[in-house]
Amino acid sequence: MQLIPCPWCGPREEVEFHYGGQAHVAYPAAPADLSDREWAEYVFFRDNPKGLFAERWVHSTGCRRWFNAIRDTGTHDFRAVYRPNEPKPVIS
Amino acid sequence: MTADDVAVDQRVSPLELWRAEFKALPAGVRLRELAFLTQLSLRLVPESPAVAAVSEALGVALPLEPCSSAVAGEVTVLWLGPDEWLVMTPTGDGETERNLRAAVQGHGAVIDVSGQRTTVSVSGPRARDLLAHGCSIDLHPRVNHAGSCVQTHLAKAGVAIWTRDDSGTDFWVVVRTSFADYLARWLVDACVPHRQDPQWQ
Amino acid sequence: MTNSFRTSTGGRVNRELPLSFQFDGTPYSGYAGDTLASALLANGKHDIASSIKFGRPRGVFAAGPEDPSGVIQIEEPFPEPMLMASTVELYDGLVASGLPGQGWLADRPDPARYDAVHHHCDLLVVGAGPAGLSAALTGARAGARVVLVDSLSEAGGSLLGSTEVIDGRPALEWVESVTAELDEHPDVLHLQRATAFGCYDDGFALALENRTDHLGGAADPDDTRQRVWRIRAQYLVIATGAHERPVVFNDNDRPGIMLAASARTFLHRFGVLAGGRAVLFTTNDSAYAAAFDLSDAGVTIVAVADSRAQVSERLQDGCVRRGIALHTGHVVSGTDGDRRVESVDIAALTGDNEVGQAERVAADLLLVSGGWNPAVHLFSQARGRLRYDDGIGAFVPAEDLEQGRAVGAAAGHFGLADALRDGASAAAAALGPTATAAVTEHQVDDLVEAPSAVLWSVPGSGETGMAFVDLQRDATTQDVLRAVGAGLRSVEHVKRYTTIGTGLDQGKTSGVVTSGIIADALGVGVAELGVTTYRPPYTPVAFAALAGRNRGQLLDPVRLTPTHVWALTRGAEFENVGQWKRAWYFPREGESMDGAVARECRAAREGVAFMDGSTLGKIDVQGPGAGELLDRIYTNMMSTLKVGRARYGVMCGADGMVVDDGTVIRLADEHFLLTTTTGNAASVLETMEEWLQTEWPELRVHLTSVTEHWATFPVVGPKSREVIAALVPDLDVSNDAFGFMTWRDAEIAGVPVRIVRISFSGELAYEVNVSAWHAMAVWRAIAEAGRPHGITPYGTETMHVLRAEKGFPIIGQDTDATMTPQDLGMSWVVSKKKEDFVGKRSFTRLENQREDRKQLVGLLPQDPSVLLPEGGQVIETADLPEAPVRMLGHVTSSYHSATSGCTFALAVVRGGRDRLGETLYVPMNGTPVPVTVSDTVLYDKEGARRDG
Amino acid sequence: MTDMDQPSTPGADLPDHPDFLWRNPDPKPSYDVIIVGGGGHGLATAYYLAKNHGITNVAVLEKGWLAGGNMARNTTIIRSNYLWDESSGIYEHSLKLWEGLAEDLDYPILFSQRGVLNLAHTLQDVRDSVRRVNANNLNGIDAEWIDAQGVKELCPIVNISPDVRYPVLGATYQPRAGIAKHDYVAWGYARRASDMGVDLIQDCEVQGIDIVNGRVVGVQTSRGPIRAGKVALCGAGHSSVLADMAGIRVPLQSHPLQALVSEILQPVHPTVVMSNAVHVYVSQAHKGELVMGAGIDSYNGYGQRGSFHIIEDQMSAAVELFPIFARAHVLRTWAGIVDVTPDASPIVGLTEVEDLYLNCGWGTGGFKATPGVGSCFAHTVAHGRPHPYNEPFTLDRFTTGALVDEHGAAAVAH
């Protein structure tokens with residue numbers, strides 16, 4: 001059972017969190033102007049890399065805050081967590 | 001008899017049917033429902049100009065540190081999130097609520113959530129051991145001190161656990177009303193294997 | 001015969017405390033401190049099981065969990081399948097039997113208790129042998145929070161089976177002093193009978209503690225039989241020792257053939273002689289200790305066959321002194337015997353790696369040692385990399401873990417001094433200076449061992465006779481060679497081809513040997529071949545232990561509403577809705593469900609009825625951006641809602657499919673309260689927070705769940721106005737003063753309430769909301785005020801009928817993840833004015849333009865007595881054509897309408913709204929039943945009843 | 001009662017594997033078709049390419065050992081009682097092939113049609129179950145709704161007491177469903193494919209896909225470049241990684257899916273029981289061990305490791321449904337990687353890159369689909385156009401919205 005470092009509450013067991021999928025997928029400014037394909041990209045298509053992945057989590061049992069994490073999907077290790085208003089950290 | 005008295009008379013707490021069970025537990029743990037605490041959800045961004053006024057209204061600085069709390073007389077303030085606090089007080093005269101509303105003005109929100117949760121006092125020399133059956137957070141006095149307030153799972157119920165001393169023997173467990181019966185059942189059951197345990201007597 | 005193979009003195013068993021037990025129907029006796037294996041051997045019982053494939057007799061091959069052979073079934077006090085005799089502590093009244101590799105389950109539920117405890121520590125030490133004890137002690141002295149777990153009944157590990165000396169005293173005295181000192185430290189948790197079976201991320205380890213079995217009848221029935229310790233450690237010290245490895249040769253599976261160190265353990269720990277005449281077959285120095293100690297204890301050691309060309313003088317002298325014939329460069333090429341080994345064939349290893357003519361010697365015990373495999377299971381589970389060590393022919397840790405380290409024999413350091421030093425330095429590494437200071441040096445005279453030979457299998461094994469690689473799976477060298485011959489190159493393939501390593505022991509003795517044999521066959525190195533993955537659990541764990549207390553009523557939380565007890569006392573039947581228990585219907589004495597529901601419906605349509613709707617999710621929405629947020633979340637416009645009014649709303653996902661619905665009331669300019677469906681309360685709040693926190697942080701809004709703060713009681717029916725009027729005399733309840741979709745604050749029984757005029761039934765209705773504290777007071781007041789009008793409590797079933805008669809869909813019942821608001825006939829709830837809202841863009845996708853989308857309609861069975869099955873499919877033809885039959889949709893809701901005196905249904909049907917009046921068919925038990933497509937509203941189409 | 005294939009002494013008389021399985025050739029410089037991924041789908045596709053379409057100049061490239069991914073890790077449940085026409089079409093096609101597969105492959109795959117029960121625990125479960133059963137019957141698939149008592153008769157060890165937390169209200173039952181022996185299936189395909197000239201190349205990781213003018217021409221591998229006329233991707237959990245090499249974006253998320261096995265036990269469980277409500281599915285495999293799966297882990301992961309709390313929840317559910325399992329033992333736990341699409345249906349067919357074909361997104365349905373998708377995918381690759389059974393499973397459906405939503409009615413709402 002992994003520990004996930006909530007940017008507010010600190011490390012907690014993963015059962016306290018819910019997964020939110022890929023981070024930094026902004027809601028389109030003007031959905032009406034998008035082609036069906038472009039809209040489908042937003043609704044259904046997410047990256048699925050093996051390796052570093054910026055994704056969303058929410059500390060649902062705790063402070064109810066959504067935050068971002070950079071996690072290695074190969075090892076499942078959390079490499080960084082950051083709040084929605086913080087820039088995506090650079091990790092090699 | 002005023003309308004208020006009528007109302008008070010007829011209040012029902014989620015765990016009143018568990019009183020007898022709680023009393024029958026080994027002496028090492030004491031469970032008691034602290035029913036009818038007025039509970040206010042205070043919503044405010046920490047940067048808000050109202051923070052000062054709110055602190056004044058509470059009589060104590062609003063705790064901004066995650067997982068912390070503050071106490072002013074009978075008023076307890078638990079940190080639930082960066083913009084959310086639970087203000088608890090045994091007094092039902094509505095004064096705290098009025099003062100908070102006045103202090104918050106348009107900057108946030110004060111919501112009466114008194115019926116949303118109930119509070120179970122878990123105390124005694126084995127209190128920490130009892131919680132350890134279902135709580136993954138380290139409540140050892142070395143790392144967990146009086147005043148900490150953590151929201152986590154106790155068994156399968158979401159709770160806030162407020163630590164009230166530095167010896168790991170006094171906690172408040174604040175739980176959603178609808179989960180209270182489950183949690184009481186779970187706590188009582190957790191004590192069963194310890195009935196014969198001398199350390200729990 | 002009783003304990004005839006028990007030494008007169010010695011061992012760790014309590015000879016004052018004899019225990020009686022039964023095995024395969026025969027009564028035996030043993031002592032407290034025995035394992036089932038040691039007690040059986042003490043009684044000269046060697047053949048205890050038979051093999052799964054060939055039914056060959058099998059005995060105790062090892063003294064620990066690595067034993068692939070001594071598999072037993074516990075029959076009494078409660079059946080437990082497939083355990084190693086060597087891991088079962090003896091207790092009075094134990095009844096067990098040997099197994100052919102297949103156990104059986106009890107036919108009754110297990111009465112025992114199981115639970116779990118979370119524990120946190122700076123240092124988790126797995127294994128209370130020399131390395132583990134020295135690590136734990138160093139940590140304890142440094143003042144760290146230490147957990148020490150060990151699977152045996154007492155601490156000591158390998159020292160229990162040896163005659164080692166530490167600081168000039170018997171090692172076990174040192175063990176006692178260490179455990180005594182550990183007990184002095186309040187923050188040290190020392191658990192024996194606790195096996196660490198899994199290591200996971202971030203220092204998380206699981207240990208299974210056996211608490212009561214060994215107490216037999218004396219155990220407290222309330223106590224926990226097995227406890228799972230969920231340990232979160234800052235640092236993990238793996239001191240799990242090593243497993244001795246056999247060498248494979250012909251007929252190497254007979255009872256009486258046993259790993260050398262195990263025989264030594266039986267002697268020193270249990271005072272048991274595993275035989276009378278023994279042969280030792282070894283490839284290394286370590287096994288001589290077993291031969292010498294057994295010899296000194298009175299066992300005749302007929303011969304030692306050492307595959308190495310020469311051995312040290314010390315060992316030669318040891319043999320000479322004891323009159324043991326030492327054959328260097330020799331191996332055991334085979335055995336003979338009936339129920340047990342009776343003779344052993346010893347042969348020379350010739351130069352070209354073949355064996356010469358064998359000499360047969362009589363023996364009832366054959367000690368085997370092919371070297372040692374460090375127990376790296378936990379290390380490997382913790383994602384530690386392994387490397388193959390040619391010198392010892394085993395896989396050893398290649399590195400330290402991020403948060404831990406393997407020490408002592410588990411790291412391939414087999415000497416006692418190494419173990420003691422390893423353990424202490426690991427603790428020091430974890431804890432820093434304070435611990436480093438606490439490290440103590442010990443006086444130990446470790447014998448310098450000569451290099452071991454690496455011999456997987458005696459040349460020629462299996463060519464004649466059977467040479468077993470995995471005794472439990474009855475898999476032989478020939479099986480391995482067949483697998484290789486079949487074209488298999490991966491150990492994982494060979495494992496699956498031969499089933500080696502899939503038994504109870506998970507290949508603890510066979511895994512590396514298999515890799516070795518494959519490597520030899522393919523002419524590659526063991527290193528590049530690798531070994532099969534070590535997977536949790538390290539040793540088998542009972543299902544019930546992992547289930548713990550999450551069973552029965554504690555399997556999942558039962559969420560209760562404020563009126564639950566009241567409903568119970570009224571004999572209500574309950575329905576699970578998510579985690580909630582909801583009153584389903586309130587049958588009277590001898591009343592059927594249909595009868596009760598019909599009665600409840602009539603009351604709501606003709607008089608007045610009330611229910612507990614408190615499970616509805618409720619979210620308080622406050623802030624300057626509140627209206628804007630709701631406009632973006634709901635399909636319709638909420639920002640225009642006037643204070644004092646209520647509005648129905650629908651939420652869609654980005655894909656345009658309906659996810660939830662409910663009502664929104666506006667309490668103030670910047671203050672709304674919305675309701676969600678019962679099942680979606682949490683997910684709706686979480687989703688709204690996600691939008692707010694991650695996409696629209698510029699909106700200043702606070703979302704707060706008030707689901708349980710507010711109890712919600714709909715009071716429904718033509719008489720509801722009178723009831724409310726009676727409850728709130730000073731409230732003008734006339735339709736003009738208190739119109740539909742408005743709300744008022746009021747007081748009932750001295751309690752502040754909020755009354756909302758919304759209707760989920762089409763009847764005149766008032767929804768009374770009150771703080772949970774006062775819920776019962778108000779509930780009773782409503783019952784009291786309604787009594788003159790025969791007010792009737794109703795449950796979810798009646799609620800469903802009432803709403804269905806009005807064509808109100810239930811999200812999740814009349815919809816699945818494929819329905820849009822338009823499909824539901826709710827275009828009116830989709831704002832044309834708003835530029836955007838969640839899901840809007842999806843409505844214009846090709847698929848959403850189709851004429852033949854499934855749409856919600858009503859279905860009226862042409863025989864009004866026929867109740868359509870919910871989930872029934874809708875087809876076009878009166879007779880059932882050959883499959884596949886084109887399906888137009890399915891019945892989502894179907895009820896008997898007491899009010900209309902007919903049955904009716906809601907269904908989703910392709911192009912349904914263009915089919916009104918058409919006859920379609922719903923197959924029931926293979927016979928299509930004709931139905932007429934109608935609009936969704938069965939009752940009061942003109943909506944005349946809403947305002948009473 | 002369907003035949004349980006329960007050996008008198010389980011494990012004793014599992015049929016032996018043949019003395020020869022497959023060649024271990026070195027890769028040739030060029031093939032007509034390269035199949036990337038030596039799992040069940042890749043091997044089956046190769047087999048049907050050779051058998052049905054006479055295309056034998058084929059290589060199956062596997063980065064590890066053949067069928068060592070999900071094929072070696074799944075719980076071997078085979079059924080076709082899916083809700084939507086499109087799904088039941090391809091899964092029923094698959095089931096029919098399963099029924100003749102032992103003979104076809106001349107390999108004892110131990111397909112045991114012992115029936116599968118999908119339990120219903122809530123009133124909405126019941127509605128959804130009846131809906132599926134009716135749809136199945138009209139699609140010509142054997143399926144029935146049975147009540148709790150009927151469940152007890154088919155599987156006497158199921159606890160149908162009304163007093164448990166989530167009582168069993170009934171179940172859907174597909175008698176023709178069952179389980180098979182996964183290694184035997186994979187090796188059966190591998191052996192026949194190898195016989196017919198297909199090169200099975202292990203320890204050969206594809207590291208790049210060569211595309212010239214929008215047309216695939218070969219692959220870069222850990223054993224050097226290999227040219228190909230056509231390339232067919234069967235990467236299962238790693239499909240996104242492969243698709244990325246070709247610059248193709250697929251709506252997949254890869255999740256850990258865990259399973260576990262008990263010791264060998266005397267026969268107690270004659271059928272297969274699945275319960276989505278309490279997240280467990282259980283069968284007693286041919287050797288007599290209990291084989292179980294649970295829900296997938298929520299987060300993306302390629303680690304072939306899951307979270308332990310999922311195993312614990314699974315054990316609670318299992319002991320609740322089958323009280324006599326209390327003292328059975330977990331011997332081994334493991335995890336696979338399932339690639340899941342937004343509508344929980346697969347993607348099988350052509351891609352925007354010419355001669356590059358894609359088969360992925362099977363989630364937890366991959367094993368049961370093996371023969372079906374193998375034959376359909378082979379057809380698709382051979383003819384350059386989709387087989388009718390996989391036609392609905394295009395990548396394009398996510399643009400048009402024509403999803404095949406097998407999540408079904410998941411929500412609980414009143």
Side-chain angles (χ1 to χ4, degrees), chain B residues 2-14 17 35-36 39 41 43-45 83-84 106-118 129 131-140 142-143 155-157 176-183 185-186 189-190 192-197, chain C residues 113 115-120 145 187 211 220 222-225 227 230 232 548-550 553-562 564-565 579-580 614-615 620 622-624 670-671 700 702-711 747 749-752 770-778 780-781:
Chain B
T2 73
D4 282 348
D5 301 329
V6 178
V8 170
D9 269 357
Q10 301 181 355
R11 293 184 309 185
V12 177
S13 81
L17 295 178
F36 309 125
Q39 299 175 56
S41 172
R43 305 300 304 271
L44 203 62
V45 290
D83 68 349
E84 182 173 13
H107 296 291
V110 176
I111 306 137
D112 179 4
V113 291
S114 299
Q116 179 77 354
R117 303 175 178 88
T118 190
D129 298 339
L131 296 178
H133 276 292
C135 172
S136 66
I137 291 183
D138 190 358
L139 298 175
H140 192 286
R142 282 200 196 188
V143 294
K156 293 189 176 185
R176 293 272 291 259
T177 305
S178 65
F179 287 89
D181 183 81
Y182 160 80
L183 190 66
R185 188 180 308 278
W186 182 89
D189 180 74
V192 169
H194 301 291
R195 280 180 190 152
Q196 311 296 326
D197 182 345
Chain C
R113 286 185 67 94
D115 66 11
V117 175
H118 294 263
H119 197 86
H120 301 257
R145 292 165 68 190
D187 288 330
R211 296 169 49 80
D220 165 14
D222 281 343
D223 200 351
T224 301
R225 176 180 179 246
R227 172 166 294 159
R230 318 163 111 265
R232 184 73 65 175
R549 293 168 52 227
N550 297 334
Q553 287 306 300
L554 295 180
L555 176 74
D556 200 37
V558 180
R559 298 181 69 181
L560 302 182
T561 72
H564 184 78
V565 175
Q579 292 176 315
W580 290 94
S614 303
T615 62
D620 182 284
Q622 285 195 60
E670 301 184 352
H671 191 183
R700 254 196 56 214
H702 296 292
L703 304 174
T704 309
S705 169
V706 289
T707 297
E708 279 118 309
H709 176 70
W710 290 107
E747 231 182 43
V751 176
V770 55
S771 149
W773 286 4
H774 304 292
M776 274 315 298
V778 168
R780 288 208 179 80

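Numbers restart at 1 for each chain; the letters A, B, ... are given by sequence-line order, proteins then strands. Keep in mind that this is a model prediction, so the values were computed, not measured.
With chain B as partner, the option from C:Arg549, C:Arg780, C:Gln622, C:Arg113 having the largest number of non-hydrogen pairs under 4.5 angstrom is C:Arg549. Options C:Pro562, C:Gly623, C:Ser705, C:Ala711 differ in how many heavy-atom pairs under 4.5 Å they form with chain B, and the most are formed by C:Ser705. With respect to chain B, the highest number of heavy-atom pairs below 4.5 Å among C:Pro557, C:Ser771, C:Ala772 belongs to C:Pro557. For the set C:Leu703, C:Val565, C:Thr561, C:Thr224, the count of heavy-atom pairs under 4.5 angstrom toward chain B peaks at C:Leu703. Contact tally against chain C (heavy-atom pairs below 4.5 Å) for B:Ala35, B:Pro14, B:Ala180, B:Gly108: the top residue is B:Gly108. Per-residue counts of heavy-atom pairs under 4.5 Å with chain B were compared for C:Met776, C:His119, C:Arg145, C:Arg232; the largest is that of C:Arg145. In terms of non-hydrogen atom pairs under 4.5 Å with chain C, the most contact-rich of B:His107, B:Gln39, B:His194 is B:His107. Ranked by heavy-atom pairs under 4.5 Å with chain C, the list B:Leu183, B:Thr177, B:Asp197, B:Asp129 is led by B:Thr177.
Using a 4.5 Å cut-off between heavy atoms, B:Leu17 touches chain C through its side chain atoms alone. In this structure, chain C has no heavy atom under 4.5 Å from any part of B:Arg117. Both the backbone and the side chain of B:Ala190 come within less than 4.5 Å of a heavy atom of chain C. With a 4.5 angstrom heavy-atom cutoff, C:Trp710 does not touch chain B via any of its atoms. Heavy-atom distances place the side chain of B:Arg195, and not its backbone, under 4.5 Å from chain C. The parts of B:Asp189 that come within reach of chain C are both its backbone and its side chain, each placing non-hydrogen atoms under 4.5 angstrom from that chain. Of the two parts of C:Ser614, neither the backbone nor the side chain holds a non-hydrogen atom closer than 4.5 Å to a non-hydrogen atom of chain B. Looking at B:Leu44, only its backbone comes within 4.5 Å of chain C, counting heavy atoms on both sides. Both the backbone and the side chain of C:Val706 come within less than 4.5 Å of a heavy atom of chain B. Contacts of B:Ser13 with chain C are absent, with no heavy-atom separation under 4.5 Å from either backbone or side chain. Residue B:Asp181 touches chain C through its side chain alone, counting heavy-atom pairs closer than 4.5 Å.
Proximity of a side-chain donor or acceptor of C:His120 to a complementary backbone N or O of B:Ser136 within less than 3.5 Å is detected. The closest donor-acceptor contact from the side chain of B:Ser178 to the backbone of C:Leu560 lies at 3.5 Å or more, if one exists at all. Using a distance-only test at 3.5 Å, with no hydrogens or angles considered, no donor-acceptor pair links the side chain of C:Glu708 to the main chain of B:Gln116. With hydrogens and angles disregarded, a donor-acceptor distance shorter than 3.5 Å links the side chain of B:Lys156 to the backbone of C:Leu555.
Between atom CZ of residue C:Arg700 and atom CD of residue C:Glu670 there is a gap of 7.5 Å, rounded to the nearest 0.5 Å.
Looking at C:His118 and B:Asp138, their side chains never bring a donor and an acceptor atom within 3.5 Å of each other. C:Asp187 and B:His140 are linked by a side-chain donor-acceptor pair at a separation below 3.5 angstrom, with hydrogens and angles left out of the test. A donor and an acceptor atom, one from each side chain of C:Asp223 and B:Gln196, are nowhere located under 3.5 Å apart.
Looking at B:Arg176 and C:Arg559, their side chains come closer than 4.5 Å, going by heavy atoms from C-beta outward. Taking 4.5 Å as the limit, some side-chain heavy atom of C:Arg227 sits within range of a side-chain heavy atom of B:His133.
The aromatic rings of C:Trp773 and B:Phe36 stand perpendicular to each other, their planes meeting at an angle above 60°, with 30° marking the opposite boundary.
For the side-chain contact (heavy atoms from CB on, under 4.5 Å) with B:Ser41, the lone residue among B:Asp112, B:Val110, B:Val113 that qualifies is B:Val113.
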